[in-house]
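What you see is a predicted model, and the numbers here were worked out from it, not measured in a lab. Per chain, numbering begins at 1; letters A, B, ... match sequence-line order.
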2 protein chains.
Amino acid sequence: MSGRVPAASGGLPDKRRAISEAARRVFGREGYARASLDVIADEARVAKRTIYNHYTDKEHLFLSVAVEGADAVTEAVRVLMERHLRKIVDLEEDLTAFCLDRARAVTEFPEHFALVRTIHAEVTRLPAPVLETWMAHGPPSAHQRLAPYLQKIADRQLLRFDDAEKAANRLNTLTMNDVLIRSFYGAVPLPESVVEEIITEGVQAFLRLYAPLPDTHDEQV
Amino acid sequence: MSGRVPAASGGLPDKRRAISEAARRVFGREGYARASLDVIADEARVAKRTIYNHYTDKEHLFLSVAVEGADAVTEAVRVLMERHLRKIVDLEEDLTAFCLDRARAVTEFPEHFALVRTIHAEVTRLPAPVLETWMAHGPPSAHQRLAPYLQKIADRQLLRFDDAEKAANRLNTLTMNDVLIRSFYGAVPLPESVVEEIITEGVQAFLRLYAPLPDTHDEQV
DNA sequence: CAGCGGTTGCACTCATCAGTGCAGCAACCC
DNA sequence: GGGTTGCTGCACTGATGAGTGCAACCGCTG
């Protein structure tokens, strides 16, 4: 149908992309075991045989798609950090805006979080190196990138802590993780108002723990 | 092989128990789709046909097992609350001990948390009423039971908050949820020392947020 | 034009698995 | 003893799905 261009790893790039997008949808919708390569081929408007020209295996296809998705989300989060945390105007406002946008990513990448749930379910059957790849590209990697931003904020005396990594993890715990767990990792979306409440109060708690002037914030949460 | 006794819902109770235990193991090990009723029958030392005498369906079997497991864990948590939170001697010590025991449940009920991961993966394909049943029996229910204990503690002026439910959720977030997420819901067990660190610091943060006398605890976390 | 890399569609193998049907058997109750 | 309930083992159906083989085809490049 389309022709040539020496593809990166065999096969035409547009076909490859069509396959990987269809695979993301189908794996997200059906889970790993239920997802059928016939269905993926149909949705990608591609012959099933072509899939095997690009990927050796159902398993390889799944992992490739998972890592791509993780990279996309990590990159999206990086952009959010740049936008909200590069220049701090009002710390509470900026943190809240950042965490809110971050939490909204859960509803904006539904197929990806479906994949995350599937990976959780399959984790015990995953070979160790694959699991390490996932950890390097997945959510934990996005978490790590937060620490340097907090460190810079602390350098400006707007926060106080010993360990930036731990503080970053605290912020994640108090905001993102709460949203993730209560929404079943995005499977049962929370009303926007609930998300706002969780994030707002989470950030407030974070500031009460790490802001250098405890009396500038309300005592009650 | 064994004989009679008019069972509760058809079938001999010991057979039913053997089936449900084997099902818990196999579902936990293989996930829903991969788990085969033939294997469950073998592990339960029971004819496959017998499973269908007790449960109408693979799906019913799975859900029944999941709810049983959830009830067992909820009950275990209730016992822990009674043991650690009924009489408070030293609040920080007691909370830490409770949360630590609670976190250890993750490694003590590995098949159950494997089931939880499977449910997360299947959640979008679950009928709404089933999902509600799960929410009523599963982790969220265990969470709710914490609030009254915290309320009693607050009545004794050892804690201060407006909303016991929210405070309970905070404690869960700062301790349990952190352990759950970082261990992939128990799939990749954390070293005991890491768990201790998470819990200890989580409880300290909780107390800094909710203890009535802020200056009795370290400022630094 | 010839050759090549990539795609297509289809038929096919092989395996797995949910769920059923049935005949026989074991223990219990009356 | 006779009737009942439940378990067993086995064979069977029907469906689904991973992965392969192959012949034809398409569009580019040289």
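B:A33 comes within contact range of no nucleotide atom at all, as no heavy-atom separation falls under 4.0 Å. At the heavy-atom level, B:T50 lies under 4.0 Å from base atoms of the strands shown. Nucleic acid contact class of B:A44 (heavy atoms, under 4.0 Å, all strands): none.
Between A:K58 and D:dG17 there is no side-chain polar atom (N or O) within less than 4.0 angstrom of OP1 or OP2. When the side-chain nitrogen and oxygen atoms of A:H54 are compared with OP1 and OP2 of C:dT7, one or more of them lie within a distance under 4.0 Å.
Between the base of D:dG19 and the side chain of A:K48 there is a donor-acceptor pair shorter than 3.5 Å. Put simply, the side chain of B:R49 and the base of D:dG9 share no donor and acceptor less than 3.5 Å apart.
In this structure, a donor-acceptor pair under 3.5 Å is present between the side chains of A:H137 and A:D71.
The side chain of A:N53 has C:dT7 as its nearest neighbour among C:dG19, D:dT8, C:dT7. Closest approach to the B:S36 side chain among C:dT8, D:dT8, C:dA18 is made by C:dA18 (side chain taken as heavy atoms from C-beta onward).
By the 30° and 60° cut-offs, the orientation of the rings of A:H112 relative to A:W134 is tilted.
The backbone N or O of A:A35 lies less than 3.5 Å from a partner atom in the side chain of A:K58, making a donor-acceptor pair.
A cation-pi geometry, defined here as NZ or CZ lying under 6.0 Å from the six-membered ring centre and within 45° of its normal, does not hold between A:R24 and A:F62.
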